[in-house]
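Everything below concerns the one structure shown next.
We name chains A, B, ... by the order of the sequence lines, and we start the count at 1 in each one.
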Amino acid sequence: DIQMTQSPASLSASPEEIVTITCQASQDIGNWLAWYQQKPGKSPQLLIYSATSLADGIPSRFSGSRSGTQYSLKISRLQVEDTGIYYCLQRYSNPYTFGAGTKLELK
Amino acid sequence: EVKLLESGGGLVQPGGSMRLSCAASGFTFTDFYMYWIRQPAGKAPEWLGFIRNKANGYTTEYNPSVKGRFTISRDNTQNMLYLQMNTLRAEDTATYYCARGIMDAWGQGASVTVSS
């Protein structure tokens with residue numbers, strides 16, 4: 001199975017700060033990487049697909065990038081509503097695997 | 001508006017069976033792969049499998065962790081997706097979600113508890 005090592009496990013940041021979350025894939029997954037945000041009691045919401053493409057309706061302060069097998073989600077100008085748990089997901093090979101999650105809180 | 005609505009969850013004894021349903025609306029159902037994902041409380045989601053679209057013959061793929069116990073099917077006349085779960089174990093306790101396509105839309109989830 002492909003392992004997705006996500007970091008950090010948690011972080012706290014202030015409004016308007018820039019935040020970066022990373023996922024390291026255990027092998028090449030190309031651009032088959034998505035990012036999700038999940039709020040308590042809700043289903044995950046797609047933010048980024050194909051490593052860098054912004055999903056419909058998602059604010060442009062969210063962006064994705066790739067460097068080899070390392071993938072990053074950047075949130076620029078953090079907003080209060082950005083709190084939640086963020087997950088990466090690889091859809092390159094069976095079984096698709098999620099990262100362990102990053103809990104984002106605002107100071 | 002795309003809508004996915006799971007149903008059929010609840011309490012089941014270990015070794016039992018349960019079928020979850022997912023009602024889809026707001027899109028052309030046969031055009032899309034459909035997925036099942038589960039999430040134990042406080043943990044990351046786990047992909048269970050998918051069923052392909054009409055163009056790809058409605059074939060299925062499963063996570064090896066559930067292959068042979070879980071079966072995904074679809075009724076394209078009713079825009080329904082199903083997850084048949086057999087020989088359930090305590091570790092199958094989770095919220096179960098259906099999703100479509102590139103997993104850009106998810107249902108609200110159905111809670112399954114496996115306990116005696």
Side-chain angles (χ1 to χ4, degrees), chain A residues 1-10 21-26 29-58 62 64 73 84-104, chain B residues 1-7 9 20 22-24 26-27 32-53 56 59-70 72 81 94-112:
Chain A
D1 297 3
I2 296 174
Q3 307 303 316
M4 302 301 296
T5 303
Q6 188 171 342
S7 62
S10 64
I21 299 168
T22 63
C23 268
Q24 178 70 50
S26 60
I29 60 169
N31 286 327
W32 293 94
L33 191 284
W35 290 97
Y36 290 86
Q37 177 196 64
Q38 187 174 31
K39 293 190 175 288
K42 301 292 187 182
S43 56
Q45 179 182 24
L46 180 67
L47 301 173
I48 301 288
Y49 64 95
S50 299
T52 60
S53 297
L54 193 66
D56 289 347
I58 301 302
F62 291 90
L73 172 71
I85 301 177
Y86 291 79
Y87 296 100
C88 62
L89 165 67
Q90 68 82 15
R91 295 196 304 121
Y92 178 78
S93 70
N94 183 348
Y96 297 172
T97 45
F98 288 84
T102 295
K103 186 174 183 179
L104 174 60
Chain B
E1 180 190 4
V2 173
K3 287 187 178 179
L4 297 167
L5 184 63
E6 301 91 342
S7 60
L20 300 181
C22 171
F27 61 100
F32 287 83
Y33 284 39
M34 295 298 297
Y35 294 77
W36 285 100
I37 306 103
R38 70 182 176 186
Q39 186 173 29
K43 295 188 177 182
E46 177 186 24
W47 170 80
L48 299 178
F50 62 72
I51 185 164
R52 293 180 175 88
N53 57 9
N56 289 281
T59 53
T60 53
E61 295 285 343
Y62 296 96
N63 189 322
S65 68
V66 300
K67 191 173 183 179
R69 292 194 304 126
F70 289 13
I72 298 173
L81 175 72
T95 298
Y96 285 72
Y97 298 99
C98 60
R100 71 147 197 186
I102 58 170
M103 296 167 67
D104 61 337
W106 294 46
Q108 88 292 342
S111 179
V112 173

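- Here the shortest heavy-atom pairing between A:Asn94 and B:Tyr62 reads ND2-O, 2.9 Å.
- Between A:Arg91 and B:Tyr35 the shortest heavy-atom distance is NH1-OH, 3.5 Å.
- We find the OH-CE distance between A:Tyr96 and B:Met103 to be 8.5 Å, quoted to the nearest 0.5 Å.
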Exercise. For the pair A:Leu46 and B:Trp106, evaluate side-chain contact (heavy atoms from CB on, under 4.5 Å) and give the outcome as yes or no after the intermediate values.
Key: CA-CA 9 Å; A:Leu46 180 67; B:Trp106 294 46; 5.7 Å; no

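- In B:Phe27, the CZ atom is crowded: over 12 heavy atoms of neighbouring residues, nucleotides or ligands sit closer than 6.0 Å.
- Expressed to the nearest 0.5 Å, how far OH of A:Tyr87 lies from CD of B:Gln39 amounts to 4.5 Å.
- With a threshold of 4.5 angstrom between heavy atoms, B:Ile37 approaches chain A through side-chain atoms but not through N, CA, C or O.
- Only the side chain of A:Leu89 has a heavy atom closer than 4.5 Å to any heavy atom of chain B.
- The two residues B:Pro64 and A:Pro95 come nearest to each other via the heavy atoms CD-CB, 4.1 Å.
- Separating the CD1 atom in A:Ile58 from the CG atom in B:Asp104 is a distance of 10.5 Å, to the nearest 0.5 Å.
- Within a 6.0 Å radius of CG in A:Asp56, other residues, nucleotides and ligands contribute 12 heavy atoms or fewer.
- Only the backbone of A:Ala100 comes within contact range of chain B, with heavy atoms under 4.5 Å apart.
- Using a 4.5 Å cut-off between heavy atoms, A:Gln45 does not touch chain B at all.
- Residue-environment remark: NZ (B:Lys3) stays at or below the threshold of 12 foreign heavy atoms within 6.0 Å.
- Within the 4.5 angstrom heavy-atom criterion, only side-chain atoms of B:Phe50, from C-beta onward, approach chain A.
- By the 4.5 Å heavy-atom criterion applied to side chains, A:Pro44 and B:Tyr97 are counted as neighbours.
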